Structures are given as C-alpha cells and as structure tokens.
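Step one of this worksheet: look at the structure below.
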Amino acid sequence: MDTAQDTQNLNQSQAQPPSCGDSRHLIEVRDSPGKGLGIFAKANIPRGTRILAESSLIKFNENEQPTAKTIMQAFESLSPSQQESYLELHNYACDLDKQILESQTGQTWDELPEMHQRVLGIYTANSFGSIHLLASRFNHSCLPNTTHLYNPTLDKETFHTIQDISAGEELLISYMDGSNWVKSKRQEYLQKWGFECNCPACEDTPEGRAKEEKRLVISLLSGDLEDLLNLDTEEPPEESLKLTQRLAAMQKSAGLVGRELCFSYYYAAKLCTRLGDTRMALLWAEKGLEVNRYCVGEDHPE
Ligand SMILES: C[S@@+](CC[C@H](N)C(=O)[O-])C[C@H]1O[C@@H](n2cnc3c(N)ncnc32)[C@H](O)[C@@H]1O
C-alpha cells in the first residue's frame with residue numbers, strides 16, 4: 001500500500017465538499033465568547049446558501065408531546081456512540097422546564113438521578129422539537145443571519161443563510177417564532193435558555209434602541225393587520241394592502257428578512273389579486289418566492 005498516496009487521497013477527500021446536499025464544509029464549531037460553542041463561517045458565504053441539512057438524532061411525532069419518560073426512552077434507544085455525542089451537548093434546564101419534568105416524574109429535580117437530569121437538561125436546551133448534533137451548536141440572535149425549517153421531503157432540518165456572511169462571522173438563528181416581539185417579551189422567552197440576549201437588536205445603545213423602535217412599529221403593524229383580518233372579513237382590501245406594504249418595508253429596513261418577510265409579500269399578492277391588480281399581485285408573489293427560495297431552498301414542498 002502506498003502510504004504517501006493514501007495521505008494525498010485523504011487530504012483530497014477532506015478538501016472536497018461532502019456530498020450531503022449542504023455546505024457544511026464552509027462552517028466550523030468553535031468557542032463563541034460568552035456563549036459557549038457556536039457555528040462560524042470559514043469563508044464568505046452568500047445569502048441563500050444551504051449550510052446544513054441535518055437528520056435528527058432524536059425525534060418525536062408531530063402530535064406527540066415529549067415527556068421525561070419518552071425523552072429517557074429515546075436516549076436509551078441510541079447506540080453507545082450516539083449517546084456519547086448527545087451527552088457532549090450543552091445542558092441547561094430553566095426552572096419552568098424543571099417544574100414540568102418534576103410533575104411528570106413525581107420527583108423533585110434534586111431527587112432525579114444525575115444521568116436523568118443531564119439527559120433531560122440537554123433535551124430542553126437543544127430541542128427544535130427534535131435533537132440535531134451539529135445544529136445544536138447554533139446560538140441565538142433576535143436579528144438572525146440564518147434561518148431553519150424542517151424539510152419533509154429530505155426528512156432533515158435545513159439551515160440557510162438569509163444575509164451574505166463574511167468569513168469568521170458567527171451564524172446565528174432565532175430561537176423564537178415571533179420575529180415581531182418587543183424586547184421585554186423576547187427576553188422573557190429566552191429565559192428558557194438561561195441567557196440575556198445582547199444581539200444588535202437588544203443592546204442598550206442608541207443603535208440598539210433605534211432597532212427596537214422599528215421592532216415596536218412592526219409589532220403594532222402586525223397587530224393592526226391581524227385586527228383587520230379578524231374583526232371584519234368584509235374590510236376593503238385597500239387598507240390591509242397599505243398596512244402590509246408598510247409592514248414589509250419596515251421588516252426589510254429592520255433586517256428581518258427571513259420567512260416573516262416572505263409571508264408579508266405573499267399576503268400583499270393575495271390582496272392585489274382581490275383588488276383585481278394582477279400585475280402587482282405577480283410582482284409581490286415573485287418577491288415572496290425569492291425570499292422563500294433563499295430561506296428554504298428549491299426542494300421544500302411549501
Ligand atoms: C442550543 S445551545 C447553543 C450552543 C451552545 N452555545 C453550546 O455551547 O453548545 C443553547 C445555549 O447556548 C447559549 N446561547 C445561545 N445563544 C446565546 C446568546 N445570544 N448569548 C449568550 N448565550 C447564548 C446559552 O447558554 C443557551 O442555553
């Protein structure tokens with residue numbers, strides 16, 4: 001066997017992007033000061049890149065609410081090496097999660113065996129409804145540059161950049177659904193993970209406060225729009241269209257360019273259709289499609 005040739009082949013195969021339909025060769029896991037580990041770009045990454053498509057290590061059915069018992073069973077059904085990898089993940093359970101787990105086990109947190117505390121703490125700190133080994137290293141930002149969604153065709157969670165990323169930059173997702181939430185609501189929600197967010201939208205600086213003001217307007221516009229939709233379905237669509245256009249413009253200027261923007265564009269398209277303005281309806285729909293494509297890729301069924 002030619003050892004030099006083997007080494008060369010190995011180096012070449014490491015240099016090749018893996019054929020798993022993502023660009024994970026462009027990212028690395030390393031220390032993120034004040035946040036534990038995080039995921040960083042090793043090169044410039046353009047918007048819309050599928051950086052990761054990852055199968056779950058542990059997954060529950062959509063309509064199955066995981067409990068302490070089923071989480072422990074899922075962990076025990078893993079192979080020894082999978083268990084080892086699982087146990088390396090970040091471990092944190094907030095008081096509320098502990099209370100829920102206590103009520104399910106009938107034991108206080110301190111009475112639970114140490115291994116149970118660890119497995120359950122890791123589950124609550126890392127679950128997107130499922131556990132993924134690499135994706136568990138994404139830290140949070142209220143102004144994320146990466147978005148994720150389950151792709152049922154691939155049976156994988158996919159992660160796409162929604163901004164152009166520079167080499168060395170951390171890739172950050174949002175841990176919450178409500179991108180229009182104001183700071184106090186966001187901070188309250190993030191207690192689940194035991195940290196105080198200091199992202200550009202949360203920092204107490206003139207820039208941070210200006211971003212928060214935009215978020216407040218977005219929150220109010222979304223609320224007004226919801227009221228228009230809920231209170232009177234006969235409401236003339238012109239008013240809703242104006243609100244939707246303002247909402248989309250604010251989302252864009254606030255840097256909220258994930259699927260929330262796509263939904264505003266789609267909604268504007270629907271309203272234009274209702275108003276008989278096919279040309280504008282097409283334009284909004286195309287804008288929505290473009291955002292959707294960079295958020296979830298071409299192969300998502302939605
Ligand atoms: C899903 S894990 C993310 C990866 C984790 N940093 C690690 O070392 O494995 C969630 C934990 O990361 C930390 N974290 C995530 N986003 C953060 C942020 N914006 N600021 C500080 N800590 C953060 C918190 O400790 C949180 O409980």
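What you see is a predicted model; the values in this text were computed from it and never measured. Counting convention: from 1, in listed order, for ligands and their atoms alike.
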Ring centres of Tyr294 and His160 under 6.0 Å apart?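 Centroid distance Tyr294-His160: not below 6.0 Å, so no.
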Could you check whether Arg215 and Asn180, counting side-chain N and O atoms only, form a donor-acceptor pair closer than 3.5 Å?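 Looking only at side-chain atoms, Arg215 and Asn180 do not form any donor-acceptor pair under 3.5 Å.
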Return all side-chain donor-acceptor pairs below 3.5 angstrom for residues 262-272, not counting sequence neighbours, or 'none' if the list is empty.
| unit_1 | atom_1 | unit_2 | atom_2 | d |
| --- | --- | --- | --- | --- |
| Ser264 | OG | Gln251 | OE1 | 2.8 |
| Ser264 | OG | Glu260 | O | 3.2 |

For ligand 1, output the ligand-protein N/O contacts shorter than 3.5 angstrom; if there are none, return none.
| unit_1 | atom_1 | unit_2 | atom_2 | d |
| --- | --- | --- | --- | --- |
| ligand 1 | 6 (N) | Lys35 | O | 2.6 |
| ligand 1 | 6 (N) | Leu37 | O | 2.7 |
| ligand 1 | 6 (N) | Asn139 | OD1 | 2.8 |
| ligand 1 | 8 (O) | Leu37 | N | 2.8 |
| ligand 1 | 9 (O) | Arg137 | NH1 | 2.6 |
| ligand 1 | 12 (O) | Asn139 | OD1 | 3.3 |
| ligand 1 | 14 (N) | Asn139 | OD1 | 3.4 |
| ligand 1 | 16 (N) | His140 | N | 3.0 |
| ligand 1 | 19 (N) | His140 | O | 2.9 |
| ligand 1 | 25 (O) | His90 | NE2 | 3.2 |
| ligand 1 | 27 (O) | His90 | NE2 | 3.2 |
| ligand 1 | 27 (O) | Trp193 | O | 2.8 |

Cationic N near anionic O, under 4.0 Å, Asp155 to Lys59: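 Lys59 and Asp155: salt-bridged.
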Any salt bridge (Lys or Arg N to Asp or Glu O under 4.0 Å) pairs touching residues 166-187, not counting sequence neighbours?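 Qualifying pairs: Lys35-Glu170, Arg186-Glu212.
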Could you name each residue pair satisfying side-chain hydrogen bond (donor to acceptor under 3.5 Å, both in side chains) that touches residues 80-108, not counting sequence neighbours?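 Qualifying pairs, neighbours excluded: Ser79-Gln82, Asp97-Lys192.
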